[in-house]
Trainee: 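Pasting a structure here, questions to come.
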Amino acid sequence: MSVRVRFAPSPTGFLHVGGLRTALYNYLFAKHHKGRFVLRIEDTDRTRLVENAVENLIGSLHWAGIDYDEGPGKGGDYGPYIQSERLDIYKEYSEMLHEKGAAYYAFDTAEEIEEMRKREPSEQFTKYDRTSMKNELTLGEEETRKLIESGSSYVLRLKVPGNTIVVFDDLIRGKVEVNTAEIDDQVLMKSDGYPTYHLANVVDDHLMKITQVIRGEEWLPSTPKHILLYEAFGWDKPKFAHLPLLLNPDKTKLSKRQGSVAVEDFAKEGYFNDAFVNFIALLGWNPSSDREIYSIEELIDSFDIEKVNKGGAVFDRAKLEWMNFQYLKQKPSSELVELLFPILESKAMTGFAKDYLENVINLFRERIKFIKELPETAGYMFHSPGDYEKDYLDKHWRENTIEILKPLLEKYRQENDFSHTNLYELTKTYIEGLGMKMKEIIHPIRLMITGKSAGAGMFETMEVLGKQECIKRIEEFIKLKESKMI
RNA sequence: GGCCCCAUAGACUAAUGGUUAGGUCACCAGCCUUUCACGCUGGCAGUAGCGGUUCGAAUCCGCUUGGGGUCACCA
């Protein structure tokens with residue numbers, strides 16, 4: 001049987017980092033086994049719908065490079081893939097469940113249920129008490145039919161069998177056992193005619209021929225209910241794999257309270273999609289013991305669901321940044337420059353040639369974390385320094401600096417080869433001829449040309465800026481200095 | 001609190017009965033140097049605890065402790 005897995009988010013906001021990891025593992029699993037990856041939208045809670053959430057979700061998946069084979073906007077043989085468009089299906093199957101005696105109708109109001117829970121003296125576990133409440137079992141068939149026909153609102157509840165052990169074999173955790181005494185008579189169909197997650201996901205996974213259900217650990221406690229449903233329907237069960245949670249630094253479930261969790265926020269911050277995916281993939285699993293950088297193909301190739309860790313993984317920003325930096329270092333400048341264009345444009349720093357910008361990128365790629373830092377960090381590559389670091393100036397500018405500089409400036413003026421190697425040789429020859437050291441002149445030059453104490457190699461910087469610009473800046477500085485403006 | 005899941009350094013992980021317990025991030029030191037970085041070298045630091053099984057346990061079993069998840073007409 002060919003592998004079919006699904007990612008089934010509910011459209012209640014943006015794609016969560018944990019959701020992306022779940023989607024990614026499903027994707028890796030599907031691709032590894034040459035199977036199919038299905039996207040299904042679970043929008044059965046009408047009260048939590050968020051406008052454009054589906055588009056957002058798909059957009060984030062797309063950014064991450066996770067492509068689905070079947071789903072909204074793509075179609076497939078098992079659609080529709082949006083649960084609100086499958087209501088008649090759930091109705092049909094819920095009635096089937098009722099006919100089999102595996103579920104019953106109930107008429108309690110929210111208040112009555114709340115009261116029942118309060119009545120329960122134990123602070124342990126308050127199950128729905130099917131023997132004392134207003135439902136098909138206490139009212140009888142006839143009364144039930146009358147109530148339904150008269151338009152009373154009602155739900156369908158799962159009739160959980162008493163005191164039996166439900167067992168399933170989790171692909172990641174192994175054998176899991178739960179006594180049905182611990183399982184509530186879960187609502188399957190809500191009074192608004194929509195199914196709950198429990199019914200919908202079982203019906204859909206069955207009809208969509210899902211072979212492995214790979215989802216977050218938060219679903220582990222409700223899996224026995226799903227097992228009961230498969231058994232009531234008489235269907236084959238898929239295999240289950242419950243992924244460890246992604247955690248905040250304090251080890252609680254990764255949440256918005258402790259920083260950003262929306263995938264699109266990371267995209268906006270400037271993380272590379274491939275670096276981000278690489279990082280996320282390694283939260284809970286690693287294909288080897290001596291590597292951190294993997295292409296998506298390599299991840300697919302080596303993915304093994306049974307090797308996924310059981311314990312939760314803290315989402316560590318520092319390592320994410322490091323990962324991003326690894327990608328920044330090796331990406332071709334032709335790709336990076338495309339990211340730089342819109343950034344410069346937004347700062348009204350336009351008019352630079354592509355080649356020039358690529359040179360700037362190559363000068364700074366090992367000194368920044370994100371391309372968006374360039375207008376700030378490398379501002380002087382786009383305009384004259386404007387101001388000069390006071391401490392740097394005080395430290396490296398001497399009484400005789402100008403005298404030393406003027407003949408050198410003249411040499412620069414007469415030099416046509418502004419390659420960094422030549423500038424280096426030329427400068428070195430001159431300065432050592434005076435019995436001085438390179439650093440005694442390099443810092444003043446850096447100051448005059450960049451205004452900053454930190455930057456790329458000085459002669460490399462001069463090469464990229466070009467002869468004309470360098471000479472102009474030195475002249476400007478000398479003029480300021482001589483007129484005591486600085 | 002009941003139930004379920006989990007447990008290798010501060011963080012991510014490798015090692016599926018035999019390793020001096022390996023790698024990465026972070027941190028620290030040194031080197032490189034033209035500043036800042038990068039890079040290189042080295043260092044700090046771990047099998048939660050206690051029993052058991054075994055010639056041999058991070059690995060298997062039990063208990064304890066700790067952490068997490070979940071207990072809705074939400075997913």
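Throughout, protein chains are lettered first and strands after them, A, B, ... in sequence-line order, and every chain is numbered starting at 1.
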Trainee: Expressed in whole Å, how much space separates the P atoms belonging to B/rC63 and B/rG56?
Mentor: 23 Å
Trainee: Closest approach to the side chain of A/E182, judged atom by atom: which nucleotide of B/rC3, B/rG39, B/rC73 is it?
Mentor: B/rC3
Trainee: Between B/rC60 and B/rU8, how far is it from one P atom to the other, in whole Å?
Mentor: 13 Å
Trainee: Using a 4.0 Å heavy-atom cut-off across all strands, classify A/A456 as base, sugar-phosphate, or nothing.
Mentor: base
Trainee: Can you tell me how far P in B/rG18 sits from the matching atom in B/rU24, rounded to whole Å?
Mentor: 24 Å
Trainee: Please examine the side chains of A/H396 and A/L447, heavy atoms only from C-beta on, and report whether any two atoms are closer than 4.5 Å.
Mentor: no
Trainee: Can you tell me how far P in B/rA14 sits from the matching atom in B/rG23, rounded to whole Å?
Mentor: 15 Å
Trainee: On RNA chain B, nearest-nucleotide positions of A/K329 versus A/Y424: which is more 5'?
Mentor: A/Y424
Trainee: Check the phosphate of B/rA14 against A/N309, side-chain N and O only, distance under 4.0 Å to OP1 or OP2. Yes or no?
Mentor: yes
Trainee: Hey, is the side chain of A/T223 poking within less than 4.0 Å of OP1 or OP2 on B/rC4, counting only N and O atoms?
Mentor: no
Trainee: Are the charged groups of A/R6 and A/D204 less than 4.0 angstrom apart, N to O?
Mentor: no
Trainee: Could you pull out all residues at least two apart from A/T421 that satisfy side-chain hydrogen bond (donor to acceptor under 3.5 Å, both in side chains)?
Mentor: A/S419
Trainee: Among the nucleotides B/rC12, B/rC73, B/rU35, which one has an atom lying closest to any side-chain atom of A/R117?
Mentor: B/rC73
Trainee: For the side chain of A/E42, counting heavy atoms from C-beta on, which of B/rU70, B/rC3, B/rA75 is nearest?
Mentor: B/rA75
Trainee: Just compare B/rC38, B/rC12, B/rA75 and give me whichever is closest to any side-chain atom of A/K251.
Mentor: B/rC12
Trainee: Donor-acceptor pair, A/Y90 side chain versus A/L188 backbone, under 3.5 Å?
Mentor: no
Trainee: Treating primed atoms plus P, OP1 and OP2 as sugar-phosphate and everything else as base, which nucleotides of nucleotides 15-32 of chain B get B, S or - for protein heavy atoms under 4.0 Å?
Mentor: S------BBBS-------
Trainee: Measure from the side chain of A/R48, starting at C-beta and using heavy atoms only, and say which of B/rC73, B/rA11, B/rC74 lies closest.
Mentor: B/rC74
Trainee: For the residue pair A/F303 and A/W285, does the interplanar ring angle fall in the parallel (under 30°), tilted (30 to 60°) or perpendicular (over 60°) class?
Mentor: perpendicular
Trainee: Which nucleotide in the set B/rG69, B/rC36, B/rU34 lies at the smallest distance from any side-chain heavy atom of A/R367?
Mentor: B/rC36
Trainee: May I ask you to decide whether A/E321 forms a salt bridge with A/R317, counting only side-chain N to carboxylate O separations under 4.0 Å?
Mentor: no
Trainee: State plainly whether the residues A/K159 and A/E136 are in salt-bridge range, i.e. N to O under 4.0 Å.
Mentor: no
Trainee: Under 3.5 Å, is there an N or O donor on one side and an acceptor on the other linking the side chain of A/R173 and the base of B/rC5?
Mentor: no
Trainee: If I pick the P atom on B/rU13 and the same atom on B/rC6, what distance separates them, to the nearest angstrom?
Mentor: 15 Å
Trainee: Side chain of A/E218, heavy atoms from C-beta onward: which of B/rC73, B/rU70, B/rC5 has the nearest atom to it?
Mentor: B/rU70
Trainee: I'd like the P distance from B/rA11 over to B/rC27, given in whole Å.
Mentor: 16 Å
Trainee: Quick check: any donor-acceptor pair below 3.5 Å linking the side-chain of A/S453 to the base of B/rC36?
Mentor: no
Trainee: I'd like to know if A/R46 pairs up with A/D192 as an ion pair, taking the criterion as any Lys NZ or Arg NE/NH1/NH2 lying under 4.0 Å from an Asp or Glu carboxylate oxygen.
Mentor: no
Trainee: Could you please name the option among B/rU13, B/rA75, B/rC73 that lies closest to any side-chain atom of A/A313?
Mentor: B/rU13
